[in-house]
Amino acid sequence: MVLLAATLSGCVGPRVADAPDAAAREARDPIGPYIVFDFDKERVKREINEFLSSRMTRSGLMASFGETASTTFSSDTGRFHDVYHRKVGYLDDGAYTYDLALAAMGLLLNGRREEGETILNVLEKDFYLPKNGIKGLYNSYRVSNGYTQDDLQIGGDGDRMHAGPLLWVAFAALNHAKLMRNTRYLDFTLDIVDWCRTELTYYRFPDGSPGGISMGMGWGPDWTKIFSTEHNVDYFAVLQMLRKMYDESPPEVRAIFHEKKFDRAWLSREMDHVKRFLMEVVFDWDNHIFRAGVNEQGVDPLRILDGTSWGLGGIGPANFAAWGVDLDRMIESALKFCGPTYTMENGVVIRGVDFTDPEGYDHQREPLVWFEGTGQFIIGLAELARYFAEQGDAARAKKYTAMAAAFTEDMNRFSSFYKLESALPYMAIRPPADTIVRTLKWEWEIPRGKTDEIWVKSMSSTMWYLYAVHDFYNTMAWD
């Protein structure tokens, strides 16, 4: 992709070459000939468009969940309490920043540019408003803003501002540049990266060299001393997208980088720091899977799926191969530790992935298909297939494309059987309204429906399914 320096009236910053349409992207995809689905992907896109429309609000935000229970559990009292006078579900008025970024990209992919930009504009505006003296974005917001001022109302995650959600907003901004071919949100993206390098702390190696970035700030533990694998994979991927964009840019676009004190040399050095943290500290070479990160006790032994799925999507198979990772073993390990099944009432068994191995949720629940993570894993498999296709290894390209398609077809089977109109729940479970089931042993309750029969539709799961049916569109890579 070559960035052009034509500035158009009403467009902020230099514009780039016309975006290739979906047909052009498919034609140049090295695995395009191998992508075959056993369902109508255009129907899925239409139904997800309707799902997105159903979540639209005047504030520009979109709820992460809908039709949730009217009670919330208090760890202080040990019992459930009514919320919103039982008129609104306990999660119905919440929008997670990460989910908003996913929705913006989904809207752009489905040709709804104006609505995708509305989300980006709302988040951009709030980023620059001071929060206890620091700019940034909270992890979540209220959808129905109760403030009389123009700023957004803090959501259920309180005053936490973490790197991961912010970096996903950067992905959304970069995908706008990739799909719309202009630099409207480049300043915003660079300011998010600047926030990471100035407001966060760095992991330090014994020799004093910097490694990955810390999680952020807000209530809970001392986030300046916690270094998440997932967030650092995000950070590496954003840096890599920016470096590729920089390499393809004319002087007019590079000037935007330089004004913000970014250049190729800095981006490369920062990527090297993060790579060292990921591969020397948190990658389990014996099992070829990532650990969760580092906390005050040292390396968290929890095996996580995110490092593999987002790693393949954002870091890329070529990098992993160059760093000595056995790519086939990486997939085998992910499925060994995090590969559950779910049997629907009609007897059909679907496959997917879970957050972690059973140690991660302390065996407090059964292994569950996590649809959001399954969508991420699908994109990772497709990137692996593309890598092997480019290496001339057609057998493995076909193998991993077929795996990605099979997981996508299982998502379609689930949504179709339960009449969810192409939406998907967060995980393959309907927790009773009076029962708390967590994704991990310490937090993250799986949403409960307002009745035990309801599958709570998840924005994140549905968006990752949408990316999959867009022929495995990768939001974490520039090309």
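All values derive from a computational prediction rather than experimental measurement.
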Determine the minimum heavy-atom distance between L200 and A163, stating which atoms define it. CD1-CB, 3.8 Å
Ignoring hydrogens and geometry beyond distance, is a side-chain donor-acceptor pair present between Y98 and D234 at under 3.5 Å? no
Considering all heavy atoms of both residues, which atom of F472 and which atom of A382 are nearest to each other, and what is their separation? CB-CB, 3.4 Å
Under the rule for side-chain contact (heavy atoms from CB on, under 4.5 Å), what residues qualify as partners of T451, not counting sequence neighbours? E453, I454
Whether T374 side chain and V353 backbone form a donor-acceptor pair below 3.5 Å: yes
Under a 3.5 Å threshold, yes or no: a donor from one side chain and an acceptor from the other, between T97 and N139? no
Within a reach of under 6.0 Å around CD of E114, are more than 12 heavy atoms found that belong to other residues, nucleotides or ligands? no
Taking it one step at a time, do R386 and D479 satisfy salt bridge (Lys or Arg N to Asp or Glu O under 4.0 Å)? CA-CA 12 Å; R386 290 180 177 118; D479 46 20; over 6 Å; no
Do Y465 and E372 have a side chain donor and acceptor closer than 3.5 Å? no
Applying salt bridge (Lys or Arg N to Asp or Glu O under 4.0 Å), can you list everything that pairs with D157, at least two apart in sequence or on another chain? R160
Starting at CG of L267, measure out to NZ of K244 and round the result to the nearest 0.5 Å. 13.0 Å
Looking only at heavy atoms, the pair that brings G106 and M463 closest together is CA-SD, 4.0 Å
side-chain contact (heavy atoms from CB on, under 4.5 Å) involving A477 - partner list, sequence neighbours excluded: N474
Say whether, by atom type as modelled, one donor and one acceptor occur between the side chain of S140 and the main chain of Y96 under 3.5 angstrom. no
Among H176, E124, E117, which one satisfies side-chain hydrogen bond (donor to acceptor under 3.5 Å, both in side chains) with R184? E124
Is it the case that the side chain of T401 and the backbone of K398 share a donor-acceptor pair, with hydrogens and angles ignored and the cut-off at 3.5 Å? no
Does C338 offer a backbone N or O that forms a donor-acceptor pair with the side chain of D354 under 3.5 Å? no
Please report the interatomic distance OH(Y400) to CG(D328), rounded to the nearest 0.5 Å. 3.5 Å
What's the separation between atom CG in L466 and atom NZ in K41, rounded to the nearest 0.5 Å? 11.5 Å
Is it the case that the side chain of T57 and the backbone of L61 share a donor-acceptor pair, with hydrogens and angles ignored and the cut-off at 3.5 Å? yes
Residues two or more places apart in sequence or in another chain: which of them pass side-chain hydrogen bond (donor to acceptor under 3.5 Å, both in side chains) with K260? D191
Criterion side-chain hydrogen bond (donor to acceptor under 3.5 Å, both in side chains) on H258 and Y246, from CA distance to verdict: CA-CA 10 Å; H258 299 158; Y246 182 91; 2.7 Å; yes
Any residue meeting ring pair (Phe, Tyr, Trp, His ring centres under 6.0 Å) with Y418, in chain and number order, not counting sequence neighbours: F414, W455
If you apply the rule ring pair (Phe, Tyr, Trp, His ring centres under 6.0 Å), what do you find for F377 with F355, and how did you get there? CA-CA 11 Å; F377 192 60; F355 272 81; over 10 Å; no
Contacts satisfying salt bridge (charged side-chain N to carboxylate O under 4.0 Å, His left out) that involve residues 47-70 (not counting sequence neighbours) are R43-E47, E67-K450
Closest heavy-atom pair and its distance - T189, A173: OG1-CB, 3.2 Å
Are the side chain of T229 and the backbone of A292 linked by a donor-acceptor contact shorter than 3.5 Å? yes
Set of ring pair (Phe, Tyr, Trp, His ring centres under 6.0 Å) partners for F171, sequence neighbours left out: W168
Would you check if there is a donor-acceptor pair between the side chains of R448 and T68 at a distance under 3.5 Å? no
Would you confirm whether D410, through its side chain, and R351, through its main-chain N or O, come within 3.5 Å as a donor-acceptor pair? yes
Exceeds 12 heavy-atom contacts within 6.0 angstrom, atom NZ of K131: yes
Can you find a heavy atom in the side chain of M411 that is under 4.5 Å from one in the side chain of L424? yes
Main-chain N/O of S228 paired with N232 side-chain donor or acceptor, under 3.5 Å: yes
Could you list the residues that satisfy ring pair (Phe, Tyr, Trp, His ring centres under 6.0 Å) with H231, not counting sequence neighbours? none
E409 side-chain N/O to D38 backbone N/O, donor-acceptor pair under 3.5 Å: yes
Quick test of your reading: applying side chain to side chain donor-acceptor pair (under 3.5 Å), list the pairs with at least one residue in residues 99-110, sequence neighbours left out, ordered by first then second residue. N49-N110, S64-D99, N110-H470
Applying ring pair (Phe, Tyr, Trp, His ring centres under 6.0 Å), name anything that partners Y467, two or more places apart in sequence or on another chain. W464
Rounded to the nearest 0.5 Å, what's the gap from OG on S461 to CH2 on W370? Could you check? 9.0 Å
If every non-hydrogen atom of A468 is compared with every non-hydrogen atom of T408, which pair is closest and at what distance? CB-OG1, 3.8 Å
So does R142 pair up with D93, basic N to acidic O under 4.0 Å? yes
According to the salt bridge (charged side-chain N to carboxylate O under 4.0 Å, His left out) rule, which pairs have a member within residues 261-272, sequence neighbours left out? D247-R264
Is it true that the side chains of D393 and Y387 contain a donor and an acceptor less than 3.5 Å apart? no
Is S59 reaching over with its side chain to a backbone N or O of V143, donor-acceptor style, under 3.5 angstrom? yes
With a 4.5 Å heavy-atom cut-off, do K45 and V469 have their side chains touching? yes
What donor-acceptor contacts under 3.5 angstrom involve side-chain atoms of residues 306-322, with partners at least two apart or in another chain?
from : atom 1 : to   : atom 2 : distance (Å)
S309 : OG     : L305 : O      : 3.3
N319 : ND2    : Q240 : OE1    : 2.9
N319 : ND2    : I315 : O      : 2.8

Are the aromatic rings of W195 and F188 close, with centres under 6.0 Å apart? no
